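Note that these values count all heavy atoms, side chains included, but never hydrogens, waters or copies made by symmetry. Computed from a predicted structure; not experimentally measured.
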Amino acid sequence: MKKNIAEGNFRALARGLTLVENEIEPAPALLKHIKINHHIPVIGITGPPGAGKSTLVNAIVSYFVKTGKKIAVLAVDPTSPFNFGSLLGDRIRMSQQFNQPNVYIRSIATRGSLGGVSTKTLEMIDLIRSSNFDLILVETVGVGQSEVEIAGLADKTIVVLVPESGDEIQNIKSGLMEIAQAFVVNKADREGASAFANNLKKLLNQQHQNIPIFKTVADKNEGVEDLCKWLIKKETFHGNSKRILLAEKAFKIIQHQRTADIDKVKLRRDIEEASLAADFNIYRFVAERF
């Protein structure tokens, strides 16, 4: 399987990703022996819900397909905390790409990770990186500051906003500013787009941040070419922060491995029963069982 994945066999890659996502043998051995190509760029695309991230990803994929590139898309969808299911909507939004021989699209649930990046996401990206793609796009759920997790795995991270995202400026100050290598003001044909982009530029200048701002209308394919040319431009980011974030990645993997035997469904049932007691204490509950 490892050889077939390295050669770019989509079926082998799909099987490998399923094994890794669901922790089915021989997933651990597969991950230990793959040759990860760190030269394949990984682009993180994040931002608040409704910014048009999936439409933008679709436009980016279309552009690179026309240039002969082989593209992988990992679309991270939110998991329900109530039934652990997720709506893998990106398969619907990017359906026109499914017949493209040089495009591989995979959806994955967040599995409860608030920042949109679970341990499984990290492992699946590394497996995709062991195949022969030219570019990997990772679209994550937009939940504000906790999206800093995406920076630990992406070579470039772009934050997608819309002209109505005035309130998101506070999130930018709080966290997104630290991870973005570029901002995209999507739906730039709407009223107030230029003013919003100018305000964003002023904010970046105040923070002494030399970060490009692109204006796009993804559903009309406007402004996408300039963004795509920047995406494949080789640049160096992060410095010490990249190593810190890689350490966080290692911690996340260790954390996952040490809690892998915990059955969340059983845990929920046990808590439901134990919480009926008048003297229920969640700290004592955890200490007694774990």
Practice item. Please test Ser194 against Lys215 for side-chain contact (heavy atoms from CB on, under 4.5 Å), starting from the C-alpha separation and ending with a verdict. Key: CA-CA 9 Å; Ser194 296; Lys215 292 195 294 184; 3.4 Å; yes

Practice item. Show the numbers, then the answer: is there a side-chain contact (heavy atoms from CB on, under 4.5 Å) between Arg190 and Phe196? Key: CA-CA 11 Å; Arg190 291 185 177 180; Phe196 176 75; over 6 Å; no

Exercise for review: Could you give me the CA-CA distance, side-chain angles and deciding distance for Val57 and Val73, then say whether side-chain contact (heavy atoms from CB on, under 4.5 Å) is met?
Suggested key: CA-CA 8 Å; Val57 169; Val73 179; 4.0 Å; yes

Practice item. Output, in order, the C-alpha distance, side-chain angles, deciding distance and verdict of side-chain contact (heavy atoms from CB on, under 4.5 Å) for Val185 and Ile213. Key: CA-CA 7 Å; Val185 179; Ile213 300 173; 4.0 Å; yes

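Here the shortest heavy-atom pairing between Ala72 and Ile128 reads CB-CG2, 3.7 Å. Counting all heavy atoms, side chain and backbone alike, Ala182 lies closest to Trp230 at CB-CH2, 3.4 Å. Across Phe183 and Leu204, no two heavy atoms sit closer than the pair CE1-CD2, 3.7 Å. Smallest separation of non-hydrogen atoms from Val160 and Ala51: O-CB, 3.5 Å. Closest heavy-atom contact between Ala193 and Ala188: CB-O, 3.2 Å. Taking each heavy atom of Ala180 and Val159 in turn, the nearest pair found is CB-CG2, 3.7 Å.
Put simply, the side chain of Asn58 never gets that close to the backbone of Ser54: no donor and acceptor are under 3.5 Å apart. In terms of modelled atom types and a separation under 3.5 Å, the side chain of Asn281 and the main chain of Tyr283 share a donor-acceptor contact. Checking side-chain atoms of Lys156 against main-chain N and O of Lys233 turns up a donor-acceptor pair under 3.5 Å. No donor-acceptor distance shorter than 3.5 angstrom exists from the side chain of Ser130 to the backbone of Lys35, with no hydrogens or angles considered. Side-chain N or O atoms of Asn9 include none that pairs as donor or acceptor with a backbone N or O of Ile5 at under 3.5 Å. Between the Lys53 side chain and the Gly47 main chain, a donor and an acceptor come within less than 3.5 Å of each other.
Between Glu272 and Arg268, none of the side-chain N atoms (NZ, or NE/NH1/NH2) sits under 4.0 Å from a carboxylate O, so this pair counts as no salt bridge. Comment: Lys120 does not engage Asp126 in a salt bridge, judged by the lack of any side-chain N to carboxylate O separation of less than 4.0 angstrom.
Residue Asp263 qualifies as enclosed at atom CG: its count of foreign heavy atoms under 6.0 Å is above 12. No more than 12 heavy-atom neighbours from other residues, nucleotides or ligands sit within 6.0 angstrom of CZ on Phe251. Ile282 CD1: 12 or fewer foreign heavy atoms inside a 6.0 Å radius.
Under the 4.5 Å side-chain criterion, counting only non-hydrogen atoms from C-beta, Asp219 is not in contact with Lys187. Put simply, the side chain of Ile262 reaches to within 4.5 Å of the side chain of Phe290, judged on heavy atoms. Between Lys70 and Asn132, some side-chain heavy-atom pair lies under the 4.5 Å cut-off. Val65 is listed as a side-chain neighbour of Val61, based on a closest heavy-atom distance under 4.5 Å. You'll find the side chain of Ile34 reaches within 4.5 Å of the side chain of Leu31, heavy atoms only. At least one side-chain heavy atom of Val138 sits less than 4.5 Å from a side-chain heavy atom of Ile125. The closest side-chain heavy-atom distance from Glu139 to Leu74 is not below 4.5 Å. At a threshold of 4.5 Å between non-hydrogen side-chain atoms, the residues Pro41 and Leu231 do not count as touching.
Within the model, atoms CG of Leu161 and OG1 of Thr46 stand 9.5 Å from one another, a figure rounded to the nearest 0.5 Å. Note that CD1 of Ile232 and CG of Asp155 are 13.5 Å apart. Values are rounded to the nearest 0.5 Å. For the atom pair Leu13 CG and Phe133 CZ, the distance stands at 5.5 Å (nearest 0.5 Å). Distance check: Arg15 CZ to Leu17 CG gives 11.0 Å after rounding to the nearest 0.5 Å. For the atom pair CD1 (Ile105) and CD (Gln100), the distance works out to 9.0 Å, reported to the nearest 0.5 Å. In this structure, Thr216 OG1 and Glu225 CD are separated by 13.5 Å, a value rounded to the nearest 0.5 Å.
No chain of hydrophobic side-chain contacts below 4.5 Å, direct or via other Ile, Leu, Val, Met, Phe, Trp or Tyr residues, connects Leu276 to Phe285. Hydrophobic clustering (ILVMFWY, side-chain heavy atoms < 4.5 Å, transitive): Tyr104 and Val76 are in one cluster. Tracing side-chain contacts under 4.5 Å through hydrophobic residues (I, L, V, M, F, W, Y), one never reaches Met124 starting from Ile254; they form parts of separate clusters. Under the 4.5 Å side-chain heavy-atom criterion for grouping Ile, Leu, Val, Met, Phe, Trp and Tyr, Val217 is not connected to Phe214 through any hydrophobic cluster.
Checked against side chain to side chain donor-acceptor pair (under 3.5 Å), Thr18 has the following partners two or more places apart in sequence or in another chain: Arg106.
Using modelled atom types and a 3.5 Å distance limit, the side chains of Asn102 and Lys69 yield no donor-acceptor pair.
Shown are Ile43, Val42, Leu56; of these, the side-chain contact (heavy atoms from CB on, under 4.5 Å) with Leu137 is made only by Ile43.
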